[in-house]
K.L.:
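Take a look at the following structure, please.
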Amino acid sequence: MNNTLRCLAVFSTVACVIAVSIWGPETLAKYKDRGILNQPNIETVEQAGEGYRYQMNANEKLYILSRCLGTQMVSENDLTNTDLAYEDLEGSYVFVRKYNGPSGKEITDEEIYATCNEGLEMLKTLGILPEEVREVNAASYDATLYSAIDVLEPRNNVVVWKMELSNSQRNANKANRLIDACIDADDGRIYEFYARTSLAWGEIDTDAIVEAWRTYMGLSAPSAYESDNPLLEATPYFKKYVFSGMGEGRTIVTVGYYEGINELFLKIS
(Lines give C-alpha, C1' and ligand atoms only; values in the text may rest on other atoms or scores of the structure.)
Protein backbone atom coordinates (compact mmCIF):
# COMPACT_ATOMS: atom_id res chain seq x y z
CA MET A 1 0.00 0.00 0.00
CA ASN A 2 2.78 2.37 0.96
CA ASN A 3 4.57 1.55 -2.27
CA THR A 4 1.42 2.34 -4.22
CA LEU A 5 1.05 5.71 -2.50
CA ARG A 6 4.70 6.52 -3.15
CA CYS A 7 4.29 5.63 -6.82
CA LEU A 8 1.21 7.81 -7.07
CA ALA A 9 3.06 10.69 -5.38
CA VAL A 10 6.02 10.38 -7.75
CA PHE A 11 3.69 10.15 -10.76
CA SER A 12 1.78 13.23 -9.62
CA THR A 13 4.98 15.19 -9.14
CA VAL A 14 6.30 14.24 -12.58
CA ALA A 15 2.95 15.09 -14.17
CA CYS A 16 2.94 18.52 -12.50
CA VAL A 17 6.49 19.26 -13.71
CA ILE A 18 5.58 18.25 -17.27
CA ALA A 19 2.41 20.36 -17.20
CA VAL A 20 4.24 23.42 -15.90
CA SER A 21 6.97 23.04 -18.52
CA ILE A 22 4.41 22.82 -21.33
CA TRP A 23 1.72 25.32 -20.34
CA GLY A 24 3.57 27.49 -17.83
CA PRO A 25 5.49 29.77 -20.27
CA GLU A 26 2.40 30.30 -22.44
CA THR A 27 0.25 31.14 -19.42
CA LEU A 28 2.92 33.50 -18.06
CA ALA A 29 3.24 35.22 -21.45
CA LYS A 30 -0.53 35.74 -21.67
CA TYR A 31 -0.55 37.16 -18.13
CA LYS A 32 2.28 39.54 -19.05
CA ASP A 33 0.52 40.56 -22.27
CA ARG A 34 -2.63 41.46 -20.30
CA GLY A 35 -0.49 43.87 -18.27
CA ILE A 36 0.95 45.51 -21.41
CA LEU A 37 -1.85 45.53 -23.97
CA ASN A 38 -4.06 48.64 -24.05
CA GLN A 39 -1.71 50.35 -21.62
CA PRO A 40 0.56 53.34 -22.49
CA ASN A 41 4.20 52.34 -22.04
CA ILE A 42 7.30 54.51 -22.38
CA GLU A 43 10.63 53.01 -23.35
CA THR A 44 13.90 54.82 -24.00
CA VAL A 45 15.68 53.55 -27.12
CA GLU A 46 18.68 54.69 -29.11
CA GLN A 47 18.00 56.20 -32.52
CA ALA A 48 20.19 54.06 -34.71
CA GLY A 49 19.48 56.15 -37.77
CA GLU A 50 20.65 59.42 -36.28
CA GLY A 51 23.87 60.61 -37.88
CA TYR A 52 27.10 60.79 -35.92
CA ARG A 53 27.57 64.42 -36.92
CA TYR A 54 24.89 65.37 -34.36
CA GLN A 55 27.12 63.98 -31.61
CA MET A 56 30.35 65.71 -32.59
CA ASN A 57 31.49 68.66 -30.50
CA ALA A 58 32.16 72.10 -31.99
CA ASN A 59 35.92 71.52 -32.39
CA GLU A 60 35.36 68.24 -34.23
CA LYS A 61 32.77 69.72 -36.57
CA LEU A 62 35.07 72.64 -37.33
CA TYR A 63 37.90 70.22 -38.09
CA ILE A 64 35.83 68.06 -40.47
CA LEU A 65 34.67 71.17 -42.34
CA SER A 66 38.18 72.64 -42.52
CA ARG A 67 39.53 69.44 -44.06
CA CYS A 68 36.76 69.33 -46.65
CA LEU A 69 36.69 72.94 -47.84
CA GLY A 70 38.66 73.30 -51.04
CA THR A 71 38.94 69.54 -51.61
CA GLN A 72 37.40 67.38 -54.32
CA MET A 73 33.78 68.38 -54.92
CA VAL A 74 31.27 65.78 -56.12
CA SER A 75 27.49 65.75 -56.22
CA GLU A 76 25.30 63.83 -53.80
CA ASN A 77 23.92 61.87 -56.76
CA ASP A 78 27.45 60.76 -57.66
CA LEU A 79 27.84 59.13 -54.26
CA THR A 80 24.73 57.02 -54.81
CA ASN A 81 26.01 55.86 -58.19
CA THR A 82 27.32 52.30 -58.01
CA ASP A 83 30.13 53.27 -60.39
CA LEU A 84 31.59 55.65 -57.81
CA ALA A 85 32.40 54.29 -54.36
CA TYR A 86 33.93 56.24 -51.49
CA GLU A 87 37.17 54.33 -52.04
CA ASP A 88 37.40 55.77 -55.57
CA LEU A 89 37.55 59.36 -54.34
CA GLU A 90 40.88 61.13 -54.08
CA GLY A 91 41.90 62.03 -50.55
CA SER A 92 40.11 61.37 -47.28
CA TYR A 93 37.61 64.25 -47.33
CA VAL A 94 35.08 65.58 -49.85
CA PHE A 95 32.77 68.56 -50.10
CA VAL A 96 29.49 67.34 -51.59
CA ARG A 97 26.72 69.49 -53.01
CA LYS A 98 23.34 68.26 -51.74
CA TYR A 99 21.09 68.55 -54.78
CA ASN A 100 18.32 66.76 -52.91
CA GLY A 101 18.08 69.62 -50.43
CA PRO A 102 17.73 69.58 -46.62
CA SER A 103 16.91 66.28 -44.95
CA GLY A 104 14.20 67.70 -42.70
CA LYS A 105 16.46 68.36 -39.72
CA GLU A 106 18.35 71.19 -41.41
CA ILE A 107 17.60 74.83 -42.16
CA THR A 108 15.50 75.03 -45.32
CA ASP A 109 15.93 77.05 -48.50
CA GLU A 110 13.22 79.43 -47.33
CA GLU A 111 14.79 79.90 -43.88
CA ILE A 112 18.46 80.31 -44.74
CA TYR A 113 18.38 84.03 -45.62
CA ALA A 114 16.68 85.00 -42.38
CA THR A 115 19.02 82.65 -40.50
CA CYS A 116 22.06 84.27 -42.12
CA ASN A 117 20.82 87.73 -41.16
CA GLU A 118 20.30 86.58 -37.59
CA GLY A 119 23.87 85.29 -37.60
CA LEU A 120 25.19 88.58 -38.95
CA GLU A 121 23.34 90.47 -36.22
CA MET A 122 24.91 88.21 -33.61
CA LEU A 123 28.40 88.80 -35.05
CA LYS A 124 27.74 92.56 -34.93
CA THR A 125 26.57 92.35 -31.31
CA LEU A 126 29.74 90.46 -30.41
CA GLY A 127 31.94 93.05 -32.14
CA ILE A 128 33.13 90.61 -34.80
CA LEU A 129 31.56 92.56 -37.67
CA PRO A 130 30.78 96.29 -37.80
CA GLU A 131 27.15 97.45 -37.79
CA GLU A 132 27.46 98.75 -41.35
CA VAL A 133 27.45 95.27 -42.94
CA ARG A 134 24.18 94.95 -44.82
CA GLU A 135 21.63 92.14 -44.70
CA VAL A 136 21.42 89.41 -47.33
CA ASN A 137 18.38 88.58 -49.47
CA ALA A 138 17.35 86.02 -52.05
CA ALA A 139 17.47 88.56 -54.88
CA SER A 140 21.18 89.33 -54.43
CA TYR A 141 22.62 86.13 -52.94
CA ASP A 142 22.86 82.45 -53.84
CA ALA A 143 22.56 79.83 -51.09
CA THR A 144 23.84 76.30 -51.76
CA LEU A 145 23.71 73.30 -49.44
CA TYR A 146 26.79 71.08 -48.98
CA SER A 147 27.94 68.13 -46.91
CA ALA A 148 31.52 67.99 -45.65
CA ILE A 149 32.27 64.26 -45.36
CA ASP A 150 35.06 62.19 -43.84
CA VAL A 151 35.39 59.53 -46.57
CA LEU A 152 36.92 56.93 -44.23
CA GLU A 153 34.08 57.41 -41.74
CA PRO A 154 31.13 58.89 -43.69
CA ARG A 155 29.02 59.30 -40.56
CA ASN A 156 31.43 62.06 -39.57
CA ASN A 157 29.93 64.85 -41.63
CA VAL A 158 28.85 68.46 -41.33
CA VAL A 159 26.08 69.99 -43.43
CA VAL A 160 26.53 73.68 -44.27
CA TRP A 161 24.99 76.41 -46.37
CA LYS A 162 27.31 78.48 -48.57
CA MET A 163 25.96 82.02 -48.89
CA GLU A 164 27.55 83.90 -51.80
CA LEU A 165 26.94 87.25 -53.44
CA SER A 166 25.24 86.41 -56.72
CA ASN A 167 27.19 86.66 -59.97
CA SER A 168 24.63 89.22 -61.09
CA GLN A 169 25.86 91.44 -58.26
CA ARG A 170 29.59 90.95 -58.78
CA ASN A 171 29.98 94.24 -60.64
CA ALA A 172 27.67 96.13 -58.31
CA ASN A 173 28.77 98.28 -55.40
CA LYS A 174 30.04 95.84 -52.76
CA ALA A 175 30.63 98.36 -50.00
CA ASN A 176 29.51 97.05 -46.61
CA ARG A 177 28.29 93.79 -48.10
CA LEU A 178 28.82 90.19 -47.13
CA ILE A 179 30.75 88.55 -49.98
CA ASP A 180 30.33 84.97 -48.81
CA ALA A 181 29.85 82.92 -45.67
CA CYS A 182 29.71 79.30 -44.55
CA ILE A 183 26.79 78.60 -42.22
CA ASP A 184 25.98 75.51 -40.14
CA ALA A 185 22.79 73.97 -41.54
CA ASP A 186 21.75 72.72 -38.09
CA ASP A 187 22.09 75.74 -35.82
CA GLY A 188 22.85 78.66 -38.16
CA ARG A 189 26.26 79.54 -36.70
CA ILE A 190 28.65 81.18 -39.13
CA TYR A 191 31.91 79.23 -39.54
CA GLU A 192 33.67 81.68 -41.83
CA PHE A 193 32.97 84.89 -43.72
CA TYR A 194 34.33 87.55 -46.07
CA ALA A 195 32.78 91.01 -45.74
CA ARG A 196 33.49 94.50 -47.13
CA THR A 197 33.64 97.20 -44.47
CA SER A 198 35.00 100.70 -43.99
CA LEU A 199 37.48 99.48 -41.38
CA ALA A 200 41.23 99.85 -41.74
CA TRP A 201 43.58 97.07 -40.59
CA GLY A 202 44.74 99.19 -37.66
CA GLU A 203 41.18 99.24 -36.33
CA ILE A 204 40.83 95.46 -36.29
CA ASP A 205 41.61 93.61 -33.04
CA THR A 206 42.13 90.03 -34.24
CA ASP A 207 42.51 88.60 -30.73
CA ALA A 208 39.17 90.09 -29.65
CA ILE A 209 37.47 88.83 -32.82
CA VAL A 210 38.72 85.27 -32.39
CA GLU A 211 37.84 85.18 -28.70
CA ALA A 212 34.29 86.40 -29.38
CA TRP A 213 33.89 84.06 -32.35
CA ARG A 214 35.18 80.94 -30.59
CA THR A 215 32.81 81.61 -27.64
CA TYR A 216 29.94 82.06 -30.09
CA MET A 217 30.88 78.78 -31.81
CA GLY A 218 31.38 76.90 -28.53
CA LEU A 219 35.04 76.11 -29.22
CA SER A 220 37.86 75.50 -26.76
CA ALA A 221 40.54 78.17 -26.42
CA PRO A 222 43.07 78.31 -29.27
CA SER A 223 46.84 78.06 -29.01
CA ALA A 224 49.43 80.24 -30.71
CA TYR A 225 50.34 79.61 -34.34
CA GLU A 226 54.06 78.88 -34.50
CA SER A 227 54.94 80.41 -37.88
CA ASP A 228 54.96 84.13 -38.63
CA ASN A 229 55.72 83.70 -42.34
CA PRO A 230 54.22 86.78 -44.09
CA LEU A 231 53.83 84.81 -47.34
CA LEU A 232 51.20 82.41 -45.93
CA GLU A 233 48.39 84.63 -47.26
CA ALA A 234 47.77 86.85 -50.27
CA THR A 235 47.80 89.80 -47.90
CA PRO A 236 50.32 90.91 -45.27
CA TYR A 237 47.49 91.72 -42.87
CA PHE A 238 46.48 88.57 -41.00
CA LYS A 239 46.89 86.55 -37.81
CA LYS A 240 46.43 82.79 -37.39
CA TYR A 241 45.18 80.71 -34.47
CA VAL A 242 45.26 76.95 -33.80
CA PHE A 243 42.25 74.99 -32.52
CA SER A 244 42.24 71.33 -31.55
CA GLY A 245 40.39 69.03 -33.95
CA MET A 246 39.90 65.27 -33.98
CA GLY A 247 42.64 63.04 -32.61
CA GLU A 248 45.94 64.75 -33.35
CA GLY A 249 44.36 66.96 -36.02
CA ARG A 250 44.04 70.71 -35.72
CA THR A 251 42.21 73.56 -37.41
CA ILE A 252 43.84 76.84 -38.39
CA VAL A 253 41.63 79.93 -38.12
CA THR A 254 42.84 83.07 -39.89
CA VAL A 255 41.57 86.60 -39.36
CA GLY A 256 42.78 88.82 -42.18
CA TYR A 257 42.21 91.93 -44.23
CA TYR A 258 42.55 92.83 -47.90
CA GLU A 259 43.67 96.42 -48.19
CA GLY A 260 42.27 98.44 -51.09
CA ILE A 261 38.92 96.64 -51.12
CA ASN A 262 38.59 96.84 -47.32
CA GLU A 263 37.60 93.20 -46.95
CA LEU A 264 37.69 91.60 -43.53
CA PHE A 265 37.71 87.81 -43.42
CA LEU A 266 37.69 84.94 -40.98
CA LYS A 267 38.45 81.58 -42.60
CA ILE A 268 39.25 78.03 -41.52
CA SER A 269 41.84 75.69 -43.03
Side-chain angles (χ1 to χ4, degrees), residues 45-120 122 135-170 178-194 217-218 245-246 249 251 266-269:
V45 297
E46 295 183 3
Q47 297 182 4
E50 188 172 86
Y52 179 73
R53 66 187 178 83
Y54 298 105
Q55 302 174 13
M56 290 189 292
N57 63 38
N59 283 71
E60 292 169 336
K61 292 175 71 175
L62 185 72
Y63 176 74
I64 292 293
L65 180 59
S66 71
R67 293 299 306 268
C68 294
L69 287 172
T71 62
Q72 182 183 5
M73 294 178 63
V74 296
S75 74
E76 189 176 41
N77 292 333
D78 288 336
L79 292 182
T80 60
N81 189 327
T82 55
D83 294 331
L84 178 63
Y86 279 109
E87 301 83 47
D88 299 326
L89 299 171
E90 296 177 4
S92 299
Y93 299 88
V94 291
F95 202 50
V96 182
R97 181 171 179 178
K98 288 175 65 68
Y99 286 99
N100 294 335
S103 67
K105 296 181 179 180
E106 295 128 6
I107 296 165
T108 66
D109 309 57
E110 294 77 15
E111 297 168 335
I112 185 55
Y113 295 96
T115 298
C116 181
N117 287 327
E118 291 171 2
L120 292 176
M122 179 60 70
E135 291 189 340
V136 304
N137 56 64
S140 301
Y141 286 83
D142 298 321
T144 310
L145 192 63
Y146 291 92
S147 285
I149 302 174
D150 178 351
V151 174
L152 300 180
E153 185 54 72
R155 291 181 302 170
N156 292 355
N157 67 89
V158 182
V159 181
V160 296
W161 282 99
K162 287 281 288 182
M163 182 69 67
E164 300 175 288
L165 188 63
S166 174
N167 287 331
S168 64
Q169 302 292 316
R170 290 295 179 178
L178 180 73
I179 303 303
D180 63 57
C182 187
I183 305 164
D184 193 295
D186 292 333
D187 57 31
R189 286 186 173 87
I190 297 177
Y191 284 103
E192 62 176 18
F193 62 82
Y194 292 77
M217 294 297 298
M246 299 185 77
T251 305
L266 184 152
K267 71 173 184 176
I268 62 177
S269 60

K.L.:
Can you find a heavy atom in the side chain of Lys267 that is under 4.5 Å from one in the side chain of Tyr194?
P.N.:
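In short, these two side chains touch, coming nearer than 4.5 Å.
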K.L.:
Quick one: do Glu111 and Thr108 satisfy side-chain hydrogen bond (donor to acceptor under 3.5 Å, both in side chains)? Show the steps, please.
P.N.:
CA-CA 5 Å; Glu111 297 168 335; Thr108 66; 3.3 Å; yes
K.L.:
Taking 4.0 angstrom as the limit, do Asp150 and Arg155 come out as a salt bridge?
P.N.:
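Result for this pair is no, no salt bridge flagged.
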K.L.:
Any chance you could lay out the side-chain contact (heavy atoms from CB on, under 4.5 Å) test for Leu120 and Leu178, step after step, and finish with the verdict?
P.N.:
CA-CA 9 Å; Leu120 292 176; Leu178 180 73; 4.3 Å; yes
K.L.:
In a check of side chain to side chain contact (heavy atoms under 4.5 Å, CB included) between Leu69 and each of Ile268, Ile64, Val160, which one passes?
P.N.:
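The passing option is Ile268.
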K.L.:
So how far is it from Glu192 CD to Ser269 OG, rounded to the nearest 0.5 Å?
P.N.:
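It comes to 9.0 Å.
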K.L.:
Find out whether Met163 and Ile112 are in side-chain contact, i.e. whether some heavy atom of one side chain is under 4.5 Å from a heavy atom of the other.
P.N.:
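Side-chain contact under 4.5 Å: yes.
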K.L.:
Taking all non-hydrogen atoms of both residues into account, name the closest pair between Val94 and Val96 and its distance.
P.N.:
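Of all heavy-atom pairs spanning Val94 and Val96, the closest is CG2-CG2, 3.6 Å.
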K.L.:
With side chains defined as the heavy atoms from C-beta onward, is the minimum distance between Lys98 and Glu106 less than 4.5 Å?
P.N.:
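Sidechains of Glu106 and Lys98: in contact.
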K.L.:
Report yes if the side chains of Phe95 and Cys68 come closer than 4.5 Å at any heavy-atom pair, otherwise no.
P.N.:
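They are in contact (side-chain heavy atoms under 4.5 Å apart), so the answer is yes.
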K.L.:
Looking at every heavy atom in both Gly119 and Ile190, which two are closest together, and how far apart are they?
P.N.:
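The pair with the smallest heavy-atom distance is C-CD1, 3.7 Å.
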K.L.:
Going from CG on Leu266 to CZ on Phe193, what distance comes out if it is rounded to the nearest 0.5 angstrom?
P.N.:
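CZ of Phe193 is found 5.0 Å from CG of Leu266.
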K.L.:
Carefully, step by step, assess Asp186 and Lys61 under the rule side-chain contact (heavy atoms from CB on, under 4.5 Å).
P.N.:
CA-CA 12 Å; Asp186 292 333; Lys61 292 175 71 175; 4.1 Å; yes
K.L.:
Do Tyr191 and Val158 have side chains that get closer than 4.5 Å, going by heavy atoms?
P.N.:
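The answer is yes; the side chains approach within 4.5 Å.
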K.L.:
Side chains of Leu65 and Cys182: closer than 4.5 Å at any heavy-atom pair?
P.N.:
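They are in contact (side-chain heavy atoms under 4.5 Å apart), so the answer is yes.
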K.L.:
With rounding to the nearest 0.5 angstrom, report the OH to CD1 distance, Tyr113 to Ile183.
P.N.:
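The CD1 atom of Ile183 is 10.0 Å from OH of Tyr113, to the nearest 0.5 Å.
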K.L.:
Is there a donor-acceptor pair under 3.5 Å between the side chain of Trp161 and the backbone N or O of Ile107?
P.N.:
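A pair under 3.5 Å: yes.
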K.L.:
Any idea which heavy atoms bring Glu60 and Met56 closest together, and the distance?
P.N.:
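Closest approach of Glu60 to Met56: OE1-CA, 3.4 Å.
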K.L.:
Give a yes or no on this: more than 12 heavy atoms of other residues, nucleotides or ligands lie within 6.0 Å of atom CE of Met122.
P.N.:
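Counting other residues, nucleotides and ligands, CE of Met122 stays at 12 neighbours or fewer.
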K.L.:
Please confirm whether the backbone N or O of Ala114 pairs with a side-chain atom of Asn117, one donor and one acceptor, at under 3.5 Å?
P.N.:
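Checked: no pair found.
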K.L.:
Hey, could you give me the OG1/CG distance between Thr115 and Asp187, rounded to the nearest 0.5 Å?
P.N.:
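Spacing of OG1 (Thr115) from CG (Asp187) equals 10.0 Å.
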K.L.:
If you round to the nearest 0.5 Å, how far is CZ of Arg67 from CG of Asn156?
P.N.:
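Atom-to-atom, Asn156:CG and Arg67:CZ are 12.5 Å apart.
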K.L.:
With a 4.5 Å heavy-atom cut-off, do Tyr146 and Val159 have their side chains touching?
P.N.:
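In short, these two side chains do not touch, never coming nearer than 4.5 Å.
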K.L.:
Does any non-hydrogen side-chain atom of Arg97 lie less than 4.5 Å from one of Leu145?
P.N.:
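Not touching, per the 4.5 Å side-chain cut-off.
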K.L.:
Quick one: salt bridge (Lys or Arg N to Asp or Glu O under 4.0 Å) partners of Lys162, sequence neighbours excluded?
P.N.:
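With sequence neighbours excluded, Lys162 shows a salt bridge (Lys or Arg N to Asp or Glu O under 4.0 Å) to no residue whatsoever.
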K.L.:
Measuring from atom SG of Cys116 to atom CG of Asn137, what distance do you get when rounded to the nearest 0.5 angstrom?
P.N.:
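So the gap between those two atoms works out to 10.5 Å.
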